[in-house]
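One structure below.
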Amino acid sequence: NVFLRYNFAMSKCYKCFRPEKSCYCKYIKSFDCGVKFVLLMHPKEAFKQKTGTGRLTNIALIDSEIIIGVDFTENKRLLELLSDEQYYPVLLYPDENAWTASNPALKTQLGENKKLLVIVLDATWPLAKKMLKLSPNLHEIPKISFRAGYRSPFKFKKQPAEECLSSIESSYYLIKELQTNEVVKIQPKDAPEVLLDVFSKMVEYQLESHRQREEAGLPNRYTRHQNQ
């Protein structure tokens with residue numbers, strides 16, 4: 001039955017939006033990192049990107065959500081979060097003046113009552129820059145980044161610079177630095193490792209898929225996404 005074979009081939013997990021054969025949900029044990037994460041996801045990342053890690057990040061982090069769009073200037077949900085006094089919002093984005101988890105001012109701003117709200121631009125780097133440019137309400141938010149330099153094993157997908165990381169890696173390294181600097185306390189302490197574990201499984205799967213395509217003489221399916 002051609003129809004049944006087609007539907008089986010196209011069957012999708014509607015939690016991570018990946019094909020069922022490459023669904024990683026079973027490897028994810030969700031945890032509370034003590035931080036509210038908001039992933040501002042570009043529509044191409046939400047509906048077209050084959051290697052997006054934003055949804056996996058969302059599944060792993062209990063207090064997280066996805067908002068899809070490009071210009072967030074008047075996004076009702078984001079505006080609600082930014083004006084909510086229980087949060088101290090920061091934008092996870094590289095900048096020479098960006099705070100790090102070791103900055104004492106971060107603990108001062110959080111005090112005893114505020115929860116850190118981390119906003120992540122979930123898109124390719126060119127699209128992330130466009131989203132930031134189009135959303136002036138994000139310009140006023142303090143930026144936060146990493147103290148250490150990390151490198152990604154995202155080998156099958158070329159990044160614009162070697163220090164560029166995927167959304168799931170960026171979230172992981174920030175959480176680990178926040179944990180190390182006792183900005184947040186996470187139980188069990190190794191809970192954040194699930195982020196890199198599932199990412200590693202995705203990388204392994206994509207590398208094997210790429211190898212099989214090369215052997216079959218098929219083109220690299222990721223090349224066209226590099227500069228979008």
Side-chain angles (χ1 to χ4, degrees), residues 16-17 24 28 30-49 51-73 75 77-82 84 87-95 97-101 106 110 115-148 150 152 154 157 159-161 163-179 183-184 186 192 194-196 198-199 202 228:
C16 66
F17 278 73
Y24 307 108
I28 300 176
S30 301
F31 69 99
D32 185 356
C33 67
V35 175
K36 170 77 173 178
F37 272 81
V38 177
L39 294 110
L40 302 184
M41 185 177 287
H42 193 282
K44 286 188 176 180
E45 198 76 18
F47 306 118
K48 297 181 180 180
Q49 182 60 266
T51 57
T53 63
R55 291 194 186 278
L56 298 178
T57 307
N58 175 233
I59 295 168
L61 301 179
I62 289 176
D63 193 5
S64 67
E65 63 183 272
I66 292 171
I67 305 176
I68 299 173
V70 178
D71 180 353
F72 294 90
T73 307
N75 184 277
R77 177 54 182 158
L78 181 60
L79 293 176
E80 287 176 354
L81 290 167
L82 294 178
D84 192 329
Y87 296 122
Y88 182 72
V90 292
L91 177 66
L92 180 54
Y93 199 84
D95 187 88
N97 296 315
W99 289 15
T100 64
L106 183 58
L110 291 174
K115 186 173 188 177
L116 190 62
L117 169 65
V118 176
I119 297 171
V120 181
L121 296 176
D122 187 38
T124 61
W125 279 100
L127 292 179
K129 290 178 180 178
K130 180 179 180 181
M131 291 163 69
L132 183 57
K133 182 179 180 181
L134 292 174
S135 306
N137 54 334
L138 297 179
H139 301 176
E140 303 169 5
I141 301 172
K143 293 183 176 67
I144 194 168
S145 191
F146 319 115
R147 185 174 183 181
Y150 303 105
S152 176
F154 218 162
K157 184 177 178 182
Q159 299 285 15
E163 66 271 15
C164 293
L165 303 170
S166 65
S167 294
I168 199 167
E169 293 170 292
S170 298
S171 300
Y172 168 78
Y173 289 123
L174 178 61
I175 290 169
K176 290 298 291 183
E177 291 196 1
L178 290 169
Q179 186 180 34
V183 178
V184 297
I186 304 171
V194 69
L195 291 166
L196 278 198
V198 70
F199 177 71
M202 189 193 79
Q228 290 183 353

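All heavy atoms count here, side chains included; hydrogens, waters and symmetry mates do not.
Minimum heavy-atom separation, Val90 to Ile144: CG2-CG2, 3.7 Å. The minimum heavy-atom distance linking Phe72 with Ser135 is given by the pair N-OG, 2.9 Å. What you find for Ile175 and Leu61 is that their closest heavy atoms are CD1-CD2, 3.8 Å. Contact between Leu174 and Ser145 at its shortest, heavy atoms only, is CD1-O, 4.2 Å. Between Tyr93 and Ala98, the shortest heavy-atom contact is O-CB, 4.0 Å. For Gly69 against Pro43, the heavy-atom pair with the smallest separation is O-CD, 3.4 Å.
Of the inter-residue distances, the one linking Trp99 atom CH2 with Leu106 atom CG reads 6.0 Å to the nearest 0.5 angstrom. One finds the NZ atom of Lys176 at 10.0 Å from the CG atom of Leu195 (value rounded to the nearest 0.5 Å). The CD1 atom of Ile28 lies 4.5 Å from the CD1 atom of Ile59; values are rounded to the nearest 0.5 Å. Atoms CG and CG, on Leu40 and Asp71 in that order, are 11.0 Å from each other to the nearest 0.5 Å. Considering CG of Leu110 and OH of Tyr87, their distance stands at 13.0 Å, rounded to 0.5 Å. Interatomic distance, CD1 of Ile186 versus CZ of Phe31, reported as 5.5 Å (0.5 Å rounding).
Arg77 is linked by a salt bridge (Lys or Arg N to Asp or Glu O under 4.0 Å) to Glu65, Glu80, counting only residues two or more places apart in sequence or in another chain. Considering only residues two or more places apart in sequence or on other chains, Ala123 meets the side-chain contact (heavy atoms from CB on, under 4.5 Å) condition with His42, Leu127, Ala128, Met131. Looking at residues two or more places apart in sequence or on another chain, you find a side-chain contact (heavy atoms from CB on, under 4.5 Å) between Leu79 and Asn137. Residues that satisfy the ring-ring contact (aromatic ring centres under 6.0 Å, His included) test with Tyr88, not counting sequence neighbours, are absent from this structure. Not counting sequence neighbours, the partners of Ile62 by the side-chain contact (heavy atoms from CB on, under 4.5 Å) test are Ser30, Asp32. In this structure, the salt bridge (Lys or Arg N to Asp or Glu O under 4.0 Å) partners of Asp63, at least two apart in sequence or on a different chain, are Lys36, Lys115.
A heavy-atom distance below 4.5 Å is found between the side chains of Ile119 and Leu82. Between Tyr172 and Val194 the shortest side-chain heavy-atom distance does not fall below 4.5 Å.
Here the side chain of Ser167 pairs no donor or acceptor atom with the backbone of Gly54 at under 3.5 angstrom. Between the side chain of Ser64 and the main chain of Asn58, a donor-acceptor pair closer than 3.5 Å is present. Of the possible donor and acceptor atoms, none in the side chain of Ser166 sits under 3.5 Å from a partner among the backbone N and O of Thr53. In this structure, the side chain of Thr73 engages the main chain of Leu134 through a donor-acceptor pair within 3.5 Å.
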- Message: Between Leu138 and Leu121, does the side-chain contact (heavy atoms from CB on, under 4.5 Å) criterion hold? Intermediate values first, please.
- Response: CA-CA 10 Å; Leu138 297 179; Leu121 296 176; 4.1 Å; yes

- Apply side-chain contact (heavy atoms from CB on, under 4.5 Å) to the pair Leu91 and Leu132, showing each step before the final yes or no. CA-CA 10 Å; Leu91 177 66; Leu132 183 57; 3.8 Å; yes

- Message: Assess the residue pair Val184 and Leu116 against the criterion (side-chain contact (heavy atoms from CB on, under 4.5 Å)); give the C-alpha distance rounded to whole Å, side-chain angles, the decisive distance to 0.1 Å, and a yes or no.
- Response: CA-CA 9 Å; Val184 297; Leu116 190 62; 5.8 Å; no

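Ring geometry, Tyr173 versus Tyr150: the interplanar angle falls under 30°, so the pair is classed parallel (tilted spans 30 to 60°).
With a 6.0 Å radius and a threshold of 12 heavy atoms from other residues, nucleotides or ligands, Lys130 has its NZ atom at or below the threshold.
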